[in-house]
Amino acid sequence: MAAAEFARAASPFEVFGLETAYALDKEALRRRLLRFSRLVHPDFFATQGDEARRLAEQLSAALNRAHEILANDASRADWIVRHLGGPDESSERAMPQAFLMEVLEWNEALEAARAAPVGSPERATIERLAGELESRRRALFEGIARQLAPLPAEKSAPLAALRKELNAARYLDKTLAEIAALRVTQALSQ
Amino acid sequence: MGFIELTVLNNTARQAAIGIDLGTTNSLGALWKDGRPIVLHPEGGNGYVPSAIYFGDDGSIVVGREARDRALIDPEHALFSIKRFMGRGLKDVAQDAKSVPCPLGENPNGVIEFEMRGKKYTPQELSALILLKVHDIACRTLGGHETTKVVITVPAYFDDAQRSATRDAARLAGLDVLRIVNEPTAASLAYGLDQKKQGTVAVFDLGGGTFDVSLLSIEEGVFRVLSTHGDTHLGGDDLDHLLVQAAMEDLSRTIPATTLRDRGFQQLLRLAAEKCKIELSTAPEAGMHVHLPEAALHWRRRFTREEFEQLAAPVIERAIDACRKALADAKLELTAIDEVVLVGGATRIPLVRRRVEEFFGRKPHTELNPDEVVALGAAVQAHVLTGGTRDILLMDVTPLSLGMETLGGAVAKVILRNSTIPCSATEGFTTYADNQTGIDFHVVQGERELARDCRTLGRFKLSGIPPLPAGMARVAVKFHIDANGLLTVSAKEEITGATARIEVTPMNGLTDGEVEGMLKESYVHARADFDASRLSNLKVEVGTMLRATEHGLREYKSALDKETVRDLDDSMASVRAALELSDVTALQKARDVFERATLPLAAVMMDNVAKRALTGKRLDEV
């Protein structure tokens with residue numbers, strides 16, 4: 001791919017020379033990132049002219065951005081759903097019905113843990129909660145992977161369902177990040 | 001023998017670049033030579049340039065060791081720890097401002113100004129003087145073959161304003177910055193190369209004034225930063241300060257408060273505290289002495305290591321907290337860390353080593369000198385950047401999230417912290433009134449939810465949007481963080497394709513016009529001072545070369561042809577004549593001619609050195 005074309009390529013899969021698919025060999029992706037970085041990183045153009053340096057910056061930024069999208073399951077699925085003309089998170093904000101019930105329970109447990117003093121039994125429950133959320137997340141993405149292989153047709157109904165599941169995934173990630181932050185503050189005050 | 005080293009360096013055709021560790025308390029230069037990085041230290045010194053500046057009553061400015069010495073006698077005219085003021089405003093530095101002996105002001109863009117002997121200096125200009133000093137020493141070690149190319153290190157946790165200030169300091173010093181590199185990352189390069197490491201490495205960097213922790217994965221020569229955290233106001237200086245405070249408590253009972261607050265006395269206390277702290281790293285107890293004959297004061301107190309550790313523990317825990325956060329950000333468990341590397345002078349403190357070992361559950365690496373490893377890593381990166389190798393690649397991250405203020409004062413994140421750089425993001429804007437031709441936006445850096453709690457990078461004014469009905473214009477604003485961690489912003493109206501103009505008002509930063517103005521004024525002045533020091537250094541260097549050549553000729557004259565000997569005699573005569581003239585350019589020229597004339601002799605000498613080395617003697621014993 002020519003340099004300018006590469007920088008413009010809208011598809012992160014194209015940037016990495018991969019077929020558009022949810023299933024991904026992460027090891028291979030990492031190896032490609034390292035190999036491509038060796039070709040375009042600005043460090044190797046530092047003593048060259050402004051134009052070469054600017055291009056290296058652009059190419060490297062495009063590569064890093066594409067890697068960021070592909071390396072994360074949620075952002076990779078999100079990109080595919082958009083790419084196929086499915087709804088984005090502002091036009092489809094709902095989460096799957098069954099999931100909503102669980103969310104209520106998790107929110108309660110998290111609130112209780114947050115309000116409880118450090119070192120109390122309520123605090124210890126966040127570890128259990130984290131484990132539960134992690135396994136729920138794994139199950140969710142296994143489902144997403146099944147629905148994305150083979151890729152649904154453009155603008156088809158399954159895309160709206162997938163968006164709802166990705167909304168659920170966003171909720172899980174946000175909650176897990178909050179738990180991680182709680183853990184750090186817990187460790188800090190010990 | 002310096003002479004042979006110089007000749008070897010000349011054989012490398014590629015223009016070298018110097019790696020510079022611009023530190024809070026000390027600065028140091030290093031260079032890639034003969035397949036490895038070396039610290040540059042001429043004249044048998046250790047090469048450190050104390051980051052101190054002294055302003056003489058005759059208008060002269062002295063930098064480094066001499067400035068630190070003069071500060072003991074005349075502390076009112078000396079400045080230290082300039083790095084703490086880089087890219088900051090007055091309200092950020094209230095604590096540090098207390099130890100500044102001169103009036104402090106702020107220019108309209110919030111750049112701090114130190115007023116010394118009737119002149120104002122920004123931290124950028126003062127750092128430029130330190131950079132010039134390090135550069136000068138490095139170039140002397142290079143044998144007068146000037147290179148203006150440098151790689152400068154900064155704390156990983158430095159924000160955009162602090163990085164910009166560092167880049168501007170280099171511009172003011174007339175240096176060409178190939179790259180701004182993060183200190184812990186640079187250190188990992190030096191270690192990785194030395195130890196041929198693979199795997200996940202934690203770099204714990206506690207320097208004079210700043211703390212960073214970076215987690216990296218090293219794989220086939222690619223050093224990839226996974227996350228970084230830190231505190232740009234946590235370092236060895238803070239530990240000295242704790243001892244000073246303990247001493248002041250003691251002293252307040254015996255001496256008047258005016259003496260206690262006297263800057264000269266405070267400086268004495270700081271030096272005594274630093275010495276005591278360093279001794280406590282190797283001894284179970286150490287004395288802190290303050291001797292002030294004019295006040296008939298001779299105070300001493302012994303500190304045990306245990307006492308010191310009790311004082312220091314809370315400070316060190318703050319560093320450990322940052323390690324926890326870096327691990328959480330990288331989504332790594334402690335068990336994933338294969339190696340731990342200690343960097344920075346303050347990691348010599350036994351308590352620091354113990355806590356790091358306890359926390360990470362493994363013995364940290366301390367093989368390389370913690371004061372030199374950052375400069376050495378910068379030299380490795382300089383080697384890569386000048387095309388020396390493609391086997392090493394550094395992929396770093398941006399330490400802080402970048403965002404824009406939205407209606408209501410919240411922050412919309414545009415680039416998340418720990419994103420690999422270079423990186424870019426594009427945000428769409430539209431107009432809210434008919435025929436609106438401009439949009440203002442406020443760019444901030446930090447993790448807090450409200451813009452007012454983050455650091456302002458600048459206010460951007462977008463203009464030149466074509467007149468369209470409200471909501472019709474589509475302005476794409478592109479944010480790009482480059483490989484130096486520096487932000488640039490550009491904008492384009494997508495419907496008409498008009499390139500919108502962006503005006504940036506930097507916060508706590510210099511504008512390009514200001515940098516140019518300063519270059520015209522103060523830098524010329526500083527350069528004159530450096531010419532003077534350069535002349536005296538050249539004289540010393542030429543003297544050494546003359547002695548070495550005379551010595552070489554006595555032993556090896558028979559191995560040289562007549563023409564070579566005649567060239568040598570001629571050039572030696574010219575150099576001796578130029579020495580009398582005291583003209584720096586003439587002497588430099590004569591020196592270069594002389595050096596070329598010595599090449600055949602050097603070759604003969606090198607042959608012999610090699611022969612002796614092969615028979616088991618080390619080069620530096622020859």
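The sequence lines fix the lettering, A, B, ..., with proteins before strands; numbering per chain opens at 1.
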Quick check on Glu357(B): does its CD atom have over 12 non-hydrogen neighbours (other residues, nucleotides or ligands) under 6.0 Å away? yes
Can you say whether Ala328(B) sits under 4.5 Å from chain A via the side chain, the backbone, both, or neither, judging by heavy atoms? side chain
Test side chain to side chain contact (heavy atoms under 4.5 Å, CB included) on Ser37(A) and Val222(B); report intermediate values, then the result. CA-CA 9 Å; Ser37(A) 290; Val222(B) 181; over 6 Å; no
Can you find a pair of side-chain heavy atoms, one from Pro422(B) and one from Gln58(A), that are under 4.5 Å apart? no
Which atoms of Leu327(B) approach chain A - backbone, side chain, both or neither, heavy atom under 4.5 Å: neither
Here the gap from Arg38(A) atom CZ to Asp391(B) atom CG, rounded to the nearest 0.5 Å, amounts to 6.5 Å
Identify which of Gln381(B), Arg390(B), Arg224(B), Lys331(B) forms the greatest number of heavy-atom pairs closer than 4.5 Å to chain A. Arg390(B)
Heavy atoms of Asn64(A) and Met395(B) approach each other most closely as OD1-CE, 4.1 Å
Would you say Pro42(A) and Asp482(B) make side-chain contact, with heavy atoms under 4.5 Å? no
Any idea which heavy atoms bring Val384(B) and Phe44(A) closest together, and the distance? CG1-CE2, 3.9 Å
OG1/Thr488(B) to CZ/Arg54(A) distance, rounded to the nearest 0.5 angstrom? 11.0 Å
Kindly determine whether Thr420(B) and His67(A) satisfy side chain to side chain contact (heavy atoms under 4.5 Å, CB included), including the steps that lead there. CA-CA 10 Å; Thr420(B) 303; His67(A) 178 261; 5.9 Å; no
Check whether Lys149(B) gets within reach of chain A through its side chain, its backbone, both or neither, counting any heavy atom under 4.5 Å. side chain
Engaged part of Asp43(A) at the chain B interface, taking heavy atoms whose separation is under 4.5 Å: both
Residue selection (most heavy-atom pairs with chain A, distance under 4.5 Å) from Glu220(B), Arg318(B), His480(B): His480(B)
Can you tell me which portion of Arg179(B) sits under 4.5 Å from chain A's heavy atoms? Options are side chain, backbone, both or neither. side chain
If you count the non-hydrogen atoms of other residues, nucleotides and ligands that lie under 6.0 Å from CZ in Arg448(B), is the total more than 12? no
Where the side chain of Arg65(A) meets the backbone of Ser424(B), is there a donor-acceptor pair that is under 3.5 Å apart? no
Pairwise side-chain contact, Thr47(A) with Leu178(B), heavy-atom cut-off 4.5 Å (strictly under): yes
Counting only heavy atoms not in Gln97(A) (residues, nucleotides, ligands), do more than 12 fall under 6.0 Å from its CD? no
Taking every non-hydrogen pair under 4.5 Å, which of Glu68(A), Gln48(A), Arg30(A) racks up the most with chain B? Arg30(A)
Can you tell which part of Leu176(A) gets under 4.5 Å to a heavy atom of chain B, answering side chain, backbone, both or neither? neither
